[in-house]
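First listed ligand is number 1; within each ligand, the first listed atom is number 1.
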Amino acid sequence: MLVINKINPLKAKIGALKRKGLTIGFVPTMGALHEGHLSLMRRAGRETDIVVVSIFVNPMQFGPKEDYKRYPRPVQQDLHLCRSAGVDIVFSPSDKEIYPFTARPFRTSPQASDTLTRTFVDMYKLTETMCGKSRPGHFRGVLTVVNKLFNIVEPDIAYFGQKDYQQALVIKQMVTDLNMDVQVKVMPIVREKDGLAMSSRNKYLTPAERQEAICLYRALLKATELICSSRRPVSAVKIIGAMKGIINSVRHSRIDYIAVVDPQTLEPIKTITYRQVLIALAVYIGKTRLIDNFLICK
Ligand code: AMP
């Protein structure tokens, strides 16, 4: 497994592999890897010749009061996991390598996007709701870095997790809107035994909070039960009410949002009839913000 920190040597290596006719599968990550990330890497390994993983905690997608500084960075452990998942190349650039135009030092505070880059990618509509509403500028940071990484890695297929449903959707939209030559695949959410969606941020939870964190999954199960057991259309108000009941019964929880939306447009659905619906939520357990979602097909 090659570990490359600089853009130019990575581009040279990938160029040489492509000239041999090999296909590139790409898994962008922020590190602190877990089985969710590894499932994407293994899938890439089955479907493409060369698996490239990026590990980069992207300052541009963090808000000023968010966890950029304390985000876990277990470098050696991550490299070990990548090796075990059959990854060929890990791209692990410094902040300066990705954002050479930076006006302030990194790692002291997250950067306002205009001090990191002059050019950026942004999107209307899909980014104005759910996580985009709670985290202003977040998707501008995500889209900009993913665009840069796609230009650097030039993957044939890029793999994302459904865990970050809105992220995967906006990336697919960017690829369509900007005519980018990459196929985006979205893989299922990998969960702990008790149903908690795996996340690098689960590491922040105290043992008590870890127990409480199951409320997101339990709320999603309740929503599914309400939708699937009723022969008549169910109102979003009823679903959200039932989910709130479950989450609010947990001591350290605070709901950021619960969304009952169209899976393609992310526009709210008032009444669930016979079509697909996305139920997505973000909940603070203590200071840790967790997200999860179910795509339900009635
Ligand atoms: P992150 O390192 O959190 O930016 O995640 C990198 C990629 O892994 C994103 O495409 C995530 O959606 C995906 N991912 C994170 N957690 C999971 C999970 N539990 N199951 C599947 N994919 C995941």
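In this structure, atom 22 (N) of ligand 1 lies nearest to the protein heavy atom G161 CA, 3.5 Å. Taking atom 16 (N) of ligand 1 as the reference point, the nearest protein heavy-atom neighbour is H34 CE1, 3.2 Å. Nearest to atom 20 (N) of ligand 1 among the protein's heavy atoms is V190 N, 2.8 Å. In this structure, the protein non-hydrogen atom closest to atom 11 (C) of ligand 1 is D164 OD1, 3.1 Å.
Taking every heavy atom of M30 and a limit of under 4.0 angstrom, the matching atoms of ligand 1 come to 1 (P), 2 (O), 4 (O). Atoms of ligand 1 found under 4.0 Å from any heavy atom of T29 (numbered from 1 in listed order, with element): 2 (O), 6 (C).
Here the side chain of K18 pairs a donor or acceptor atom with the backbone of E154 at under 3.5 angstrom. At least one donor-acceptor pair closer than 3.5 Å links the side chain of T176 to the backbone N or O of K172.
Residue A197 places no N or O, backbone or side chain, under 3.5 Å from any N or O of ligand 1. Residue contacts with ligand 1: I189 is placed with no nitrogen or oxygen under 3.5 Å of a nitrogen or oxygen of the ligand (distance criterion only). Of the N or O atoms in M198, one or more lie within a sub-3.5 Å distance of an N or O in ligand 1.
Only side-chain heavy atoms of L40 come within less than 4.0 Å of ligand 1; its backbone N, CA, C and O stay farther off. The backbone of P28, and not its side chain, has at least one atom closer than 4.0 Å to an atom of ligand 1 (non-hydrogen atoms only; backbone = N, CA, C, O). Of the heavy atoms in P188, only backbone atoms (N, CA, C, O) come closer than 4.0 Å to ligand 1.
In terms of the side chain to side chain donor-acceptor pair (under 3.5 Å) criterion, residue partners of N293 (sequence neighbours excluded) are, by chain and number, Q162.
Between H37 and ligand 1 there is a heavy-atom distance shorter than 4.0 Å.
Taking CG of L178 as the start and CD of Q173 as the end, the distance is 9.5 Å to the nearest 0.5 Å.
In this model, a donor atom of one side chain and an acceptor atom of the other lie less than 3.5 Å apart for N58 and Y99.
When Q167, E192, K163 are checked for heavy-atom proximity to atom 23 (C) of ligand 1, K163 turns out nearest.
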Identify every side-chain donor-acceptor pair in residues 37-50 under 3.5 Å, counting partners at least two apart or on other chains, and give the distances.
residue: H37; atom: ND1; partner: H34; partner atom: N; Å: 3.0
residue: S39; atom: OG; partner: G36; partner atom: O; Å: 2.7
residue: R42; atom: NH1; partner: E35; partner atom: OE2; Å: 2.7
residue: R42; atom: NH2; partner: E35; partner atom: OE2; Å: 3.1
residue: R43; atom: NE; partner: E47; partner atom: OE2; Å: 2.6
residue: R43; atom: NH2; partner: E47; partner atom: OE2; Å: 3.2
residue: E47; atom: OE1; partner: Y159; partner atom: OH; Å: 2.7
residue: E47; atom: OE1; partner: K185; partner atom: NZ; Å: 3.0
residue: T48; atom: OG1; partner: G25; partner atom: N; Å: 3.3
residue: T48; atom: OG1; partner: A44; partner atom: O; Å: 2.7
residue: D49; atom: OD2; partner: T23; partner atom: N; Å: 2.8
residue: D49; atom: OD2; partner: T23; partner atom: OG1; Å: 3.2

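At least one cation-pi condition fails for R218 and F294: the charged atom is not both under 6.0 angstrom from the six-membered ring centre and inside a 45 degree cone around its axis.
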